[in-house]
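Heads up: numbering here begins at 1 and tracks the sequence. Everything numeric in this text was worked out from a predicted model, so none of it was measured. Each ligand, and each atom within it, is numbered from 1 in the order the structure gives.
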Amino acid sequence: MEHVKVTDSEIAELIELETARQRDKIRLIPSENYVSSSVLEVSGSVLTNKYSEGYAKKRYYEGQQYIDQIEQLAIQRAKSLFGAEAANVQPYSGSPANLAVYFAFAQPGDPIMGLALDHGGHLTHGWGVSITGAYYTPIRYELNPDTHLIDYDMVRDLAKKHRPKIIMAGATAYPRIIDFNIFAEVAREVDALLCVDMAHIAGLVAGGAHPSPVPLADVVTTTTHKSLRGPRGGMILMKKKHRKAINKAVFPGLQGGPHNHTTAGIAVALKEAATEEFKTYAHNIVANAKHLAEKLNEKGFKLVSGGTDNHLVLIDVSPRNVTGKVYAKALDTAGIVCNYNTVPFDPRPPFDPSGIRIGTPSMTSRGMGKPEMEKLADWMDQVANNVENESELTRIAGEVKELCKNFPAPGIPA
Ligand code: DSN
């Protein structure tokens, strides 16, 4: 911050405060993480100064001697890490990546199928307020009301009835392994394109802690900044036969120049994700989530689907006589940051729902393990009993900060 401190002290100060917030709190939002110092360096590099519309060796601007090499390295690493036939590393994030898939393979008005948002799907899987729900005809599958698992019979029945052009598998709030085999089977039966949005679980897939959708899906979209621990960006992996259509949909279809500083950050993160250390990290994320879920269960929290197979735990907090929003705000005061979230078949509205969503990628990046999950479950229990007790919440925040001191976050000075 040495330069911006002088030129713009307001922004410098806010960044310093945000750094301290990330350092001193337990961050449980399952889509967030801490990137490495290397990824941070590259994201703030001079690559931000360069325009590169097009693809390597076919650009509309000169001066691409190094940018081409950077983008090609990112593509090679993505292909090799995930075993993909082809990759596009230019999408600005997950939503544009998904939009590129629709743009490439569906016409406005065509049926597209995805998991309903209030059952754990993403806005861009055809929810009404999203362009994907407005410009296409969304067909929404849901969870089974008893098991809270994806209702695969419903997936098959709806697909046969509506014959969607694209079937989207993937979620933002689903704690269980998704059976990509069934989706692939159904897609074949109705001649649909199967797109898996693996944004949440990309790091788990990279580290072998979750089955990979790559061999089964036509196209796989992802963000790069969640469990994969890269900079904020997006990526599309695909079968070779789809490369031309996807590349055209990303540029010039949807975007202009790629963000080269992000592309380089993605390349660095992909190299990190190909290490043995990252494999251990991915498995630890899941082990931590399972242990935390078990401890929360013991304390009387009601977990959607009863537990977790991945990095995420979805909790219905209504049995604790609190709403998700009130509880999330109390947790934040206590130094524990999550987001409030609807639970399947939630009788409450999305802005004040019954649940919270938590995840372990960030804690695991700090090297926290089972003892810390147990401590966290204790604190979460205490907060649920004291949502309006400011002094108790402040006391917990102090303890959280002390714990965090022993687990320095990547990229953040202790
Ligand atoms: N906003 C992301 C999440 O929190 O899951 C999804 O894009």
Atom-level proximity to ligand 1, residues with heavy atom under 4.0 Å: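 Those residues closer than 4.0 Å to ligand 1 by some heavy atom are Ser31, His122, Thr172, His200, Lys226, Arg357.
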
Within 45° cone of Phe278 ring axis and under 6.0 Å: Arg229 NZ or CZ: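 Geometry flag: not set, cation outside 6.0 Å or 45°.
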
Partners meeting salt bridge (charged side-chain N to carboxylate O under 4.0 Å, His left out) with Lys50 (sequence neighbours left out):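 By the salt bridge (charged side-chain N to carboxylate O under 4.0 Å, His left out) rule, Lys50 matches no residue at all.
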
Val101 to Ile166 - nearest heavy-atom pair and separation: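 Smallest interatomic distance, heavy atoms only, reads O-CD1, 3.8 Å.
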
Ion pair Asp218/Lys239, N-O distance below 4.0 Å: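 Answer for the salt bridge query: no.
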
Qualifying residue for side chain to side chain contact (heavy atoms under 4.5 Å, CB included) with Arg357, from Val313, Thr172, Ile315: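 The option that passes is Thr172.
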
Lys244 atom NZ: more than 12 heavy-atom contacts under 6.0 Å: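 No, NZ of Lys244 has 12 or fewer neighbouring heavy atoms, counting only those of other groups under 6.0 Å.
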
